[in-house]
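The chains referred to below are lettered A, B, ... by the order of the sequence lines, with proteins before strands, and numbering in each begins at 1. What you are looking at is a predicted structure, and each value in this text was computed from that prediction instead of being measured. Computation of the quantities below employed the complete heavy-atom set of this structure, encompassing side-chain atoms and omitting hydrogens, waters and symmetry-equivalent molecules.
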Amino acid sequence: MPGTWVVKQARGFMTMPRNSKNQPSQGDKPISRDEGIVLIGNDSDPLYHWFHSRLSQFGYDVGLWCLDDPASHDLDLMPPEGSLVINTVLEKPGFALNSYLVASKMEGFAKPRFILQNILAETLLQVQAGIEDEYHWVGYSAFGLYGRLGQPQLPSLEVIQNIPEQVQQFLAEIQMPVVEVPTCPSLITGRIVAMLVNEACSALMENVASAEAIDTAMQKGTNYPMGPLLWADAAGLDVILSILNHLYSVYREPRYRPMRLLQEYVLSGRLGQKTGQGFYIYPQPVAS
Amino acid sequence: MSVFEIKTVAVLGAGTMGLGIAQCATLSGYAVNLFDAFPDSLERGVNTIQKNLATLVNKSKLSSVSQQQALSLLKSAVTLQDAVSDADLVIEAVPEDLALKQALFKDAYAFNQKQETVWVSNTSSISITAIGKGCPNSERFAGLHFFNPVPLMALVEIIHSAKTSEETIQQLMKFVQSLDKTPVIAKDTPGFIVNRVARPYYGEALKLLGEYGESAEMLEAIDSAMKQSGGFKMGPFELMDLIGIDVNFAVTQSVYHAYFQEPRYQPSIIQQAKVNAGHLGRKTGKGFYDYAS
């Protein structure tokens with residue numbers, strides 16, 4: 001059963017610094033359907049589309065800010081009272097922070113109180129570096145949903161511990177199961193699966209076995225929900241590479257070095273299901 | 001050209017894996033010669049198989065007819081010669097010790113000099129090429145790696161060395177399929193597929209534990225996230241407790257050293273500490289978690 005289980009604050013430097021500016025500016029007011037939600041994402045990302053349909057299904061007014069569609073970058077299209085920004089984009093350090101851009105543009109309308117920020121490839125500390133704002137950033141990862149959206153039981157979102165009550169309520173409203181996790185780089189599932197993918201990739205490069213044999217072995221030999229290479233194709237090889245690059249930049253340890261094959265596939269645009277080719281070839285790119 | 005068919009299987013070693021393999025083979029209609037260097041172990045092994053089959057019958061998962069058939073196919077081989085002389089396939093499943101395996105095979109080759117006999121090792125961590133070094137027909141030597149518990153786990157890794165022939169591989173494929181299991185073919189490399197690719201499942205979890213300190217909250221956080229978000233049946237720490245922390249640690253060390261201390265396979269001192277303390281998991285009542293006796 002999905003839980004909202006609370007972790008005690010980790011000790012010492014691992015404790016997320018509580019910036020007093022990051023307090024909800026409007027007390028206990030819940031995130032209401034009328035206020036509306038801004039959803040930022042990439043057209044090629046199945047999770048962006050999944051969140052859109054989920055929010056609409058539960059009656060939320062959604063303003064879509066699609067990075068691939070400049071026509072959508074229009075404040076008049078955004079809900080004027082938008083209280084929540086959900087950023088599904090895999091932001092990378094050094095790139096423009098889309099959620100902040102959108103949120104800061106909405107000043108003069110209603111300030112979003114919460115920003116649900118995808119932190120698979122950057123930490124919240126990096127997100128907030130140098131930003132003076134009054135938003136309450138809630139780090140999450142939806143990695144577990146990749147390739148598994150059709151499951152009878154929806155995989156949980158991983159959300160950084162101490163989720164504000166309003167966000168907890170909101171996630172419960174859209175029947176999104178949640179598991180609370182400590183502030184680990186790339187959180188838990190994405191991190192471990194990315195490393196499994198990297199290892200599977202190394203086995204492939206060494207000609208240990210075929211891609212199909214590797215995936216079959218991990219499903220039948222050790223009961224993984226999906227073979228790692230198929231999982232990478234479902235999530236996007238760019239997502240896997242971003243996670244590994246993030247881990248490598250945080251830890252500077254050789255264990256996180258992305259395999260050359262993965263790097264070359266991404267460089268050549270071979271990103272998995274969304275481009276029709278990854279470790280496997282898909283007759284048609286899988287519709288988002 | 002007579003078509004070679006595997007009809008009689010010798011299983012050398014009446015430990016957990018050997019017994020599981022023997023049981024599955026008899027249930028699939030193969031004559032099995034089970035051998036162990038220790039007569040007590042052999043006797044216990046045969047009793048275990050009898051008990052297992054009886055349990056399956058009680059649970060209506062096996063008919064008594066099939067049970068009787070399987071038992072009639074199982075032979076206790078008193079000597080190594082009894083075990084291998086009429087075997088078409090010899091499966092070695094003794095402890096993970098290269099010298100022991102090589103010596104056993106060397107003795108066995110003397111008792112079965114048929115060209116077609118297939119010789120395989122169930123090793124999970126030793127080079128197939130190394131084990132098969134003394135084989136007179138090296139193209140008939142391969143690895144056949146089952147997973148624990150054998151009756152339940154569908155996967156079998158078929159391992160080819162540089163010398164294993166394609167024909168041998170195909171015959172082993174057919175054999176595995178006849179056991180109703182799923183074969184995959186892999187090259188003779190440390191950990192083959194599963195034990196190599198799975199290393200980060202434990203390695204990353206242990207690394208996180210090392211960073212945050214071992215606490216009940218952290219263990220639960222990682223195991224819960226992997227199950228609820230990742231969809232895994234068991235989280236890394238629960239799984240290590242089930243497999244046996246010592247077993248898991250040994251595999252990690254094996255792959256790490258086989259790759260000349262490749263950093264990403266580096267074992268964890270947390271695991272080492274548990275092994276030193278005798279906290280091996282379920283089998284000792286305590287591992288990462290506590291288990292009521």
Top of [options] for chain B proximity - count of heavy-atom pairs under 4.5 angstrom:
options                                : value
A:Cys201, A:Cys184, A:Pro185, A:Gly190 : A:Cys184
A:Pro155, A:Ala209, A:Pro225           : A:Pro225
A:Ile214, A:Ile192, A:Asn207           : A:Ile192
A:Gln151, A:Arg191, A:Glu158, A:Arg257 : A:Arg191
A:Glu206, A:Gln219, A:Glu212           : A:Glu206

Determine whether a donor-acceptor pair (N or O, by modelled atom type, separation under 3.5 Å) exists between the side chain of B:Ser229 and the backbone of A:Ser156.
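Yes, B:Ser229 side chain to A:Ser156 backbone: donor-acceptor pair under 3.5 Å.
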Would you say A:Arg255's side chain and B:Gln266's backbone share a donor-acceptor pair under 3.5 angstrom?
no
Heavy-atom pair of closest approach, residues A:Ser202 and B:Arg196:
OG-NH2, 2.9 Å
Which pair of non-hydrogen atoms, one from B:Ser224 and one from A:Val179, has the smallest distance, and what is that distance?
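That would be CB-CG2, 4.0 Å.
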Here the ring pair (Phe, Tyr, Trp, His ring centres under 6.0 Å) pairs for residues 185-224 of chain A, sequence neighbours left out, are A:Tyr224-B:Tyr201, A:Tyr224-B:Phe232
I'd like to check [X] versus [Y] (side-chain heavy atoms, cut-off strictly below 4.5 Å). Are they in contact?
X        : Y        : result
A:Thr222 : B:Met153 : no
A:Tyr251 : B:Lys207 : yes
A:Pro182 : B:Tyr212 : yes

From B:Glu204, B:Met226, B:Gln228, residue fulfilling side-chain contact (heavy atoms from CB on, under 4.5 Å) relative to A:Ile188
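For A:Ile188, the side-chain contact (heavy atoms from CB on, under 4.5 Å) test succeeds with only one of B:Glu204, B:Met226, B:Gln228, which is B:Met226.
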Is atom [atom1] of [X] surrounded by more than 12 heavy atoms (other residues, nucleotides or ligands) closer than 6.0 Å?
X        : atom1 : answer
B:Lys163 : NZ    : no
A:Gln57  : CD    : yes
B:Ile269 : CD1   : no

Interface residues of residues 177-195 of chain B facing chain A - heavy atom cut-off under 4.5 Å:
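Under the 4.5 Å heavy-atom cut-off, B:Thr182, B:Val184, B:Ile185, B:Ala186, B:Lys187, B:Thr189, B:Phe192, B:Ile193, B:Val194 qualify.
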Output, in order, the C-alpha distance, side-chain angles, deciding distance and verdict of salt bridge (charged side-chain N to carboxylate O under 4.0 Å, His left out) for B:Arg264 and A:Glu199.
CA-CA 9 Å; B:Arg264 69 179 188 272; A:Glu199 196 55 54; 2.7 Å; yes
Counting only non-hydrogen atoms closer than 4.5 Å, does A:Tyr256 touch chain B with its backbone (N, CA, C, O), its side chain (CB onward), both, or neither?
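Just the side chain, heavy atoms under 4.5 Å.
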Check whether A:Val193 gets within reach of chain B through its side chain, its backbone, both or neither, counting any heavy atom under 4.5 Å.
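For A:Val193, the side chain is the part near chain B, not the backbone.
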Can you tell me how far apart CG (A:Asn223) and CG (B:Leu152) are? Round to the nearest 0.5 Å.
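Spacing of CG (A:Asn223) from CG (B:Leu152) equals 10.0 Å.
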